[in-house]
Trainee: 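One structure follows; several queries about it will come next.
Sequence positions, counted from 1, serve as the residue numbers for this chain.
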Amino acid sequence: MPSEPRLLAGTPPPGHAYDADIVILSHHRPRETIAAIRSAAAQTGLDSHVIVLDQNSPPGMRAALATVATEFPHVALYGVGQNFGVPGGRNRVSALGHGRTIIALDNDAVFAARDTAARAAIRIAGTADLAAIGFRILAADGRSLDLTSWGYPKRLLPRADGFFAATTFVGCGHALSRACFERLGGYDESLFFTWEEYEFARRAIAAGWRIEHHGDLAVIHEVSPEARVNWNAGRWHQYVRNRLLIAHDWNGLSGFLFRAGIYLARGINACRLRPTLDAIAEAHALARTRPRHQETAETRHYVFRNEIRHRLPGGARLIGAGATASARRPPTAAPPAPTGP
């Protein structure tokens, strides 16, 4: 069946628990994907397996990936017969492994250091309620910040190389607690592309987990135009539709209408009125089939403290500032990474 991943090359992950799975989704971009695989395979200091899921790339690219997968004893290449999108692909590739931490790397990115995965796995394993760590995303020069991948309020940019609590994480490079991932049932596959990390994070926060950005963990992102959804084509539609669905899920009709008004104004300003209206209409139709999530006062406070407050005008940000706590700084001397079952 096209929906079931099939082993194409390499060694399947072991059947027992280990430190981490490093997962990579593949869909075109052969040169960048090979670089990502080699970077993941070169990570040191932990017991890990690299799992690559190719989502219906051309046969020639699959053959090239298969050759690379066989170069390493802890890399496996799987394939499916269609593109399930980012959340659908991540759910399938993550289900193939048994690592206590799931470390995701985009197929146009590489790790900035050889111990990035090990340090992320230690931090996830050492904190019972830490659901996700977002990495710092560097541009292709390996030094400057990739501003196109900044997923947090702009006021937090000066803290990009530090630590802060957050309500989302950036998909290009991040680490997840498998315990949290499995408890929540993974990503919402209906989103297909954009906002899947934010949707997952909101459910994790509501379930009592925390999200953090750790700027000392980094990946280098070679932004590739290949296989990207252009903002002037489907990407804006997906962006608006998915954010409206999340607004409905957590804030009902009032939240949906408020957010729709914001995107309608942006769409008009960017000469994207038609795709904006189409996205709003599609989101409204889909929202009727989606269950509402219950938001507790604690969840609302977490979201306000770590997201909304940073987006408010200067004076208004002082509201609730006294209750704001910065993210925990990871210990400078961490215990050795756990290994084995």
Trainee: Show your working on salt bridge (charged side-chain N to carboxylate O under 4.0 Å, His left out) between Glu197 and Arg90 and close with a plain yes or no.
Mentor: CA-CA 11 Å; Glu197 296 90 6; Arg90 285 190 189 149; 2.9 Å; yes
Trainee: Indicate whether the side chain of Arg210 and that of Thr127 have a donor and an acceptor atom separated by less than 3.5 Å.
Mentor: no
Trainee: Find out whether Leu65 and Ser26 are in side-chain contact, i.e. whether some heavy atom of one side chain is under 4.5 Å from a heavy atom of the other.
Mentor: yes
Trainee: Pair Glu307, Thr168 - check side chain to side chain contact (heavy atoms under 4.5 Å, CB included), show working.
Mentor: CA-CA 9 Å; Glu307 180 186 350; Thr168 190; over 6 Å; no
Trainee: For the CD1 atom of Ile211 and the CG atom of Leu130, what is their distance to the nearest 0.5 Å?
Mentor: 7.5 Å
Trainee: Does Val170 belong to the same Ile/Leu/Val/Met/Phe/Trp/Tyr cluster as Trp209, with side-chain heavy atoms less than 4.5 Å apart forming each link?
Mentor: no
Trainee: Strictly distance-based, threshold 3.5 Å: is any side-chain N or O of Glu196 a donor or acceptor partner for the main-chain N or O of Thr194?
Mentor: yes
Trainee: Tyr78, Val23: one ILVMFWY side-chain cluster at the under-4.5 Å cut-off?
Mentor: yes
Trainee: Do Val110 and Ile137 sit in one hydrophobic cluster, given that two such residues count as connected whenever their side-chain heavy atoms are within less than 4.5 Å of each other, even indirectly?
Mentor: no
Trainee: Can you list the steps and then say if Asp108 with His221 is a side chain to side chain donor-acceptor pair (under 3.5 Å)?
Mentor: CA-CA 6 Å; Asp108 58 354; His221 188 205; 3.1 Å; yes
Trainee: Does atom CD of Glu298 have more than 12 heavy-atom neighbours, drawn from other residues, nucleotides or ligands, at distances under 6.0 Å?
Mentor: no
Trainee: Under 3.5 Å, is there a donor-acceptor pair linking the side chains of His237 and Arg241?
Mentor: no
Trainee: Determine whether Tyr198 and Asn242 satisfy the following criterion, side chain to side chain contact (heavy atoms under 4.5 Å, CB included), listing intermediate values before the conclusion.
Mentor: CA-CA 10 Å; Tyr198 184 70; Asn242 290 353; over 6 Å; no
Trainee: Ring centres of Phe181 and Tyr187 under 6.0 Å apart?
Mentor: yes
Trainee: Should Arg202 and Asp249 count as an ion pair when the cut-off is N to O under 4.0 Å?
Mentor: no
Trainee: State whether the number of non-hydrogen atoms from other residues, nucleotides or ligands found under 6.0 Å of Arg6 atom CZ is greater than 12.
Mentor: no
Trainee: Would you call the rings of Phe169 and His174 parallel, tilted or perpendicular, where under 30° means parallel and over 60° means perpendicular?
Mentor: tilted
Trainee: Hey, are the side chains of Val52 and Val68 touching, using non-hydrogen atoms and a 4.5 Å cut-off?
Mentor: no
Trainee: If the threshold is 4.0 Å, N to carboxylate O, is there a salt bridge linking Glu189 and Arg92?
Mentor: yes
Trainee: Would you please say whether a donor-acceptor pair under 3.5 Å links the side chains of Arg123 and His214?
Mentor: yes
Trainee: Check whether any side-chain heavy atom of Phe72 sits under 4.5 Å from a side-chain heavy atom of Arg38, and report yes or no.
Mentor: yes
Trainee: Side-chain contact, heavy-atom cut-off 4.5 Å: His310 with Tyr152?
Mentor: no
Trainee: Residues in ring pair (Phe, Tyr, Trp, His ring centres under 6.0 Å) with Trp250, at least two apart?
Mentor: His293
Trainee: Taking the six-membered ring for Trp, are Tyr18 and His16 parallel (under 30°), tilted (30 to 60°) or perpendicular (over 60°)?
Mentor: perpendicular
Trainee: Do His74 and His49 make a side-chain contact, defined as non-hydrogen atoms from C-beta onward lying under 4.5 Å apart?
Mentor: yes
Trainee: Between Glu282 and Asp278, does a side chain to side chain contact (heavy atoms under 4.5 Å, CB included) hold up when you go through it step by step?
Mentor: CA-CA 6 Å; Glu282 183 177 339; Asp278 290 344; over 6 Å; no
Trainee: Which Ile, Leu, Val, Met, Phe, Trp or Tyr residues join Phe258 in one cluster when any pair of side-chain heavy atoms under 4.5 Å counts as a link?
Mentor: Ile262
Trainee: Shared ILVMFWY cluster between Phe200 and Leu191, side chains joined below 4.5 angstrom?
Mentor: no
Trainee: Could you tell me the separation between the CD1 atom of Ile51 and the CD1 atom of Ile22, rounded to the nearest 0.5 Å?
Mentor: 10.0 Å
Trainee: Should the heavy atoms of other residues, nucleotides or ligands under 6.0 Å from CZ of Arg292 be counted, would the total exceed 12?
Mentor: yes
Trainee: With the 4.5 Å side-chain cut-off for hydrophobic clustering, are Phe84 and Ile102 part of the same group?
Mentor: yes
Trainee: Do Phe135 and Ile103 make a side-chain contact, defined as non-hydrogen atoms from C-beta onward lying under 4.5 Å apart?
Mentor: yes
Trainee: Heavy atoms, side chains only, cut-off 4.5 Å: are Leu157 and Leu147 in contact?
Mentor: yes
Trainee: Please answer whether the main-chain N or O of His98 pairs with a side-chain N or O of Asp21 as donor and acceptor at a distance below 3.5 Å.
Mentor: yes
Trainee: For side chain to side chain contact (heavy atoms under 4.5 Å, CB included), just list the numbers for Leu277 and Leu264, CA-CA rounded to whole Å, side-chain angles, deciding distance to a tenth of an Å, and then say yes or no.
Mentor: CA-CA 7 Å; Leu277 291 173; Leu264 184 59; 3.8 Å; yes
Trainee: I want to check something: taking the side chain as every heavy atom from C-beta on, are Asp188 and Pro87 in contact at a cut-off of under 4.5 Å?
Mentor: no
